[in-house]
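Nothing fancy with the numbering, it's 1 onward along the sequence. These figures come from a predicted structure and were not determined experimentally.
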Amino acid sequence: MQQQNESPTVDVVIPTYRPDDKFYRLLYSLQQQTIPVSHVWIVNTVASVSSDLGEELRARCGEWVSVTNIPVESFDHGSARNLGASFSSADYLLFMTQDAVPADEKLVEFLLSSFVDTQVAVAYARQLPADNADVLERLARDFNYPSQSQTKSKCDIERLGIKTYFCSNVCALYSKHIFEKLARFPEGMIFNEDMIYASTAIQAGYSIRYQAEAQVVHSHNYGLKKLFGRYFDLGVSQRQNRSLFDSLPSAKEGGRFVRWTIGQLGEQGEWLETVRFFFQSGTKYLGYLLGKHYDYIPLACCKRMSSFPSYWDNFLNDKK
């Protein structure tokens, strides 16, 4: 923890895999922040051919960025982030994904402001749609990341349900002290390491802050195959963490999203998009249901349906 009257230090941890131009725009934006980032720790997943990402980043950013390569077969969302965190001695850890670009130079400043409340364990940013985002992706961002900030704690569970634990490592700032106290992210998980951590923090008496003033540009125009795989993995994650998700099922929140989106599309006169939305919703729900029952499905089929096929070879011992 920082000493009294000293400015808090912030390190950034980013898992990468074949990063593209968005990643370099992300690094540039981090260099422009009103509150400086002390160091960026990259955990880069590589296949059999070694990556020269470290050399390239040293040429661009000097010693401000460090790269650690890990083989693709050892990657999972929790362990990769925990590895990056283990290198840091900063007061706060900003976890980001390689395709989330800060919307302005005050991202870190706004996220840090959340920790005036010492009970806040993590503060996550608002995600804005990119210029090329389609209407359904824009509506999904509006629903999940509204313009009003809020702080969520145990007393909100009855009112918010599963949404109480919603948090996104696309861009989220963690108190390093609390992060270590709560034993970091769960490892060996296919998905949802951020949400599982948030539930642990809330059950331990801490709170989660959604800081809408802190903003990143992040969206995807996924096709049906990609959506199916992601929601299959979501179902697997919820099945693996039954003690959390069975008591607060996601179906109610999913139904609210469907009703809200149809209403928005109707107001905008986007009737053709309503048809596409029904196909999307059906695909998501089918993937989710199959994922929730993955333990009845052959391993080869799980690998084909998942968006994370290497997970099934390396982490899921109960399917072998």
Side-chain angles (χ1 to χ4, degrees), residues 10-37 40-44 53 57 60-61 64-65 77 80-81 84 92-114 122-150 166-174 191-195 198 208-223 226-227 230 257 260-261 264-265 268 270 273 277 280 307:
V10 178
D11 279 359
V12 181
V13 177
I14 309 174
T16 58
Y17 179 68
R18 297 177 179 172
D20 59 16
D21 181 61
K22 287 181 183 177
F23 171 66
Y24 296 101
R25 285 191 278 130
L26 159 60
L27 291 178
Y28 176 79
S29 294
L30 288 177
Q31 291 176 312
Q32 310 306 310
Q33 294 297 301
T34 55
I35 293 182
V37 168
V40 180
W41 303 96
I42 306 297
V43 180
N44 184 46
L53 182 62
L57 289 181
R60 287 175 178 248
C61 305
W64 183 65
V65 176
H77 293 284
R81 288 172 170 86
Y92 295 92
L93 292 169
L94 177 56
F95 291 97
M96 300 187 72
T97 56
Q98 67 185 41
D99 57 351
V101 180
D104 56 37
E105 74 282 358
K106 291 191 174 183
L107 173 71
V108 175
E109 180 181 336
F110 283 133
L111 286 173
L112 267 178
S113 71
S114 305
V122 53
Y124 65 101
R126 185 182 186 188
Q127 295 182 32
L128 303 176
D131 291 340
N132 66 343
D134 63 36
V135 64
L136 296 184
E137 182 67 1
R138 290 179 179 276
L139 288 174
R141 287 291 173 268
D142 288 345
F143 181 83
N144 288 315
Y145 303 95
S147 59
Q148 300 80 29
S149 301
Q150 66 173 328
F166 183 76
C167 181
S168 176
N169 274 344
V170 164
C171 182
L173 185 67
Y174 288 69
F191 205 51
N192 266 344
E193 83 293 336
D194 40 18
M195 197 167 175
I208 306 301
R209 177 71 174 171
Y210 168 57
Q211 184 56 265
E213 292 179 303
Q215 300 173 358
V216 292
V217 177
H218 178 259
S219 58
H220 297 283
N221 296 323
Y222 284 141
K226 185 69 173 181
L227 284 173
R230 287 182 63 83
F257 171 64
W260 180 86
T261 303
Q264 293 295 310
L265 290 172
Q268 296 175 25
E270 297 278 5
E273 290 297 324
F277 177 65
Q280 273 197 7
S307 64

J.: Taking all non-hydrogen atoms of both residues, which atom of V216 and which atom of P102 are closest, and how far apart?
T.: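 Taking V216 first and P102 second, the nearest heavy atoms are CG1-CA, 4.0 Å.
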J.: Counting N and O atoms only, with roles assigned by atom type, does the side chain of W64 sit under 3.5 Å from a partner on the main chain of V37, one being a donor and the other an acceptor?
T.: yes
J.: Would V122 and C167 count as a side chain to side chain contact (heavy atoms under 4.5 Å, CB included) if you check the C-alpha gap in whole Å, the side-chain angles of each, and the deciding distance to 0.1 Å?
T.: CA-CA 8 Å; V122 53; C167 181; 4.0 Å; yes
J.: Hey, are Y174 and N169 close enough side-chain-wise for a donor-acceptor pair under 3.5 Å?
T.: yes
J.: Mind running side chain to side chain contact (heavy atoms under 4.5 Å, CB included) on F277 and V135 for me, showing each step along the way?
T.: CA-CA 10 Å; F277 177 65; V135 64; over 6 Å; no
J.: With a sphere of 6.0 Å drawn around CZ of F143, does it hold more than 12 non-hydrogen atoms of other residues, nucleotides or ligands?
T.: yes
J.: Write down the atom of L94, the atom of C171, and the distance for their closest heavy-atom approach.
T.: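 Reported closest heavy-atom pair: CD1-SG, 4.0 Å.
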J.: Go through the steps for E137 and Y222 under the test side chain to side chain contact (heavy atoms under 4.5 Å, CB included), then give the verdict.
T.: CA-CA 9 Å; E137 182 67 1; Y222 284 141; over 6 Å; no
J.: Nearest 0.5 Å, what's the CD-CD distance between Q264 and E273?
T.: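 If we round to the nearest 0.5 Å, Q264:CD and E273:CD are 14.0 Å apart.
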J.: So, do Q148 and Y210 sit near enough that their side-chain heavy atoms are less than 4.5 Å apart?
T.: no
J.: If only side-chain N and O atoms count, and only distance matters, is there a donor-acceptor pair under 3.5 Å linking S168 with D194?
T.: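 No, because no side-chain N or O of D194 sits under 3.5 Å from a partner of the opposite role on S168.
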J.: Distance check, rounded to the nearest 0.5 Å: S149 atom OG versus E213 atom CD?
T.: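 Atom-to-atom, S149:OG and E213:CD are 5.5 Å apart.
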J.: Checking side chain to side chain contact (heavy atoms under 4.5 Å, CB included) for the pair L227/Q280: CA distance, chi angles, key distance, verdict?
T.: CA-CA 8 Å; L227 284 173; Q280 273 197 7; 3.7 Å; yes
J.: Measure across F257 and A140 and return the closest heavy-atom pair with its distance rounded to 0.1 Å.
T.: CE1-CA, 3.9 Å
J.: Between H218 and H220, how do the two ring planes meet: parallel, tilted or perpendicular, split at 30° and 60°?
T.: perpendicular
J.: If you measure from CD1 on I14 to CG on L26, what distance do you get to the nearest 0.5 Å?
T.: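 Reported to 0.5 Å precision, the distance equals 4.5 Å.
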J.: Heavy atoms only: give me the nearest A214-A125 pair and the separation to one decimal.
T.: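 Looking at all heavy atoms of both residues, the shortest contact is O-CB, 3.3 Å.
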J.: Has N221 got a side-chain atom pairing as donor or acceptor with N132's backbone, closer than 3.5 angstrom?
T.: yes
J.: So which heavy atom on E105 is nearest to which on Q32, and how close?
T.: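 Scanning both residues, the minimum pair turns out to be CB-O, 3.3 Å.
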J.: If you measure from CG on D134 to OG on S219, what distance do you get to the nearest 0.5 Å?
T.: 8.5 Å
J.: Got V217 and D131 here, is their nearest side-chain heavy-atom distance under 4.5 Å?
T.: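 No; the side chains remain at least 4.5 Å from each other.
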J.: Does a side-chain heavy-atom distance below 4.5 Å link L57 with V40?
T.: no
J.: Might you point out which heavy atoms bring R138 and A133 nearest each other, and give the distance in Å?
T.: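 So the two residues come closest at NE-O, 3.1 Å.
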J.: Could you state the interatomic distance from CD (E270) to CG (L139), rounded to the nearest 0.5 Å?
T.: 8.5 Å
J.: For R18, is the CZ atom crowded, meaning more than 12 foreign heavy atoms sit under 6.0 Å from it?
T.: no
J.: For the residue pair R60 and Y24, would you count it as a cation-pi contact if the rule is NZ or CZ under 6.0 angstrom from the ring centre and within 45 degrees of the ring axis?
T.: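 Geometry flag: set, cation within 6.0 Å and 45°.
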J.: Under a 3.5 Å distance rule, please check whether Q98 uses its side chain to pair with a backbone N or O of Y17 as donor and acceptor.
T.: yes
J.: Counting only N and O atoms by type, is there a donor-acceptor contact under 3.5 Å from the side chain of R81 to the main-chain atoms of H77?
T.: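 Answer holds: yes.
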J.: Rounded to the nearest 0.5 Å, how far does CZ of F23 lie from CG of L53?
T.: 5.5 Å
J.: Under 3.5 Å, is there a donor-acceptor pair between the side chain of Q33 and the main chain of V108?
T.: yes
J.: Please check if the distance between the ring centroids of Y145 and F166 is under 6.0 Å.
T.: yes
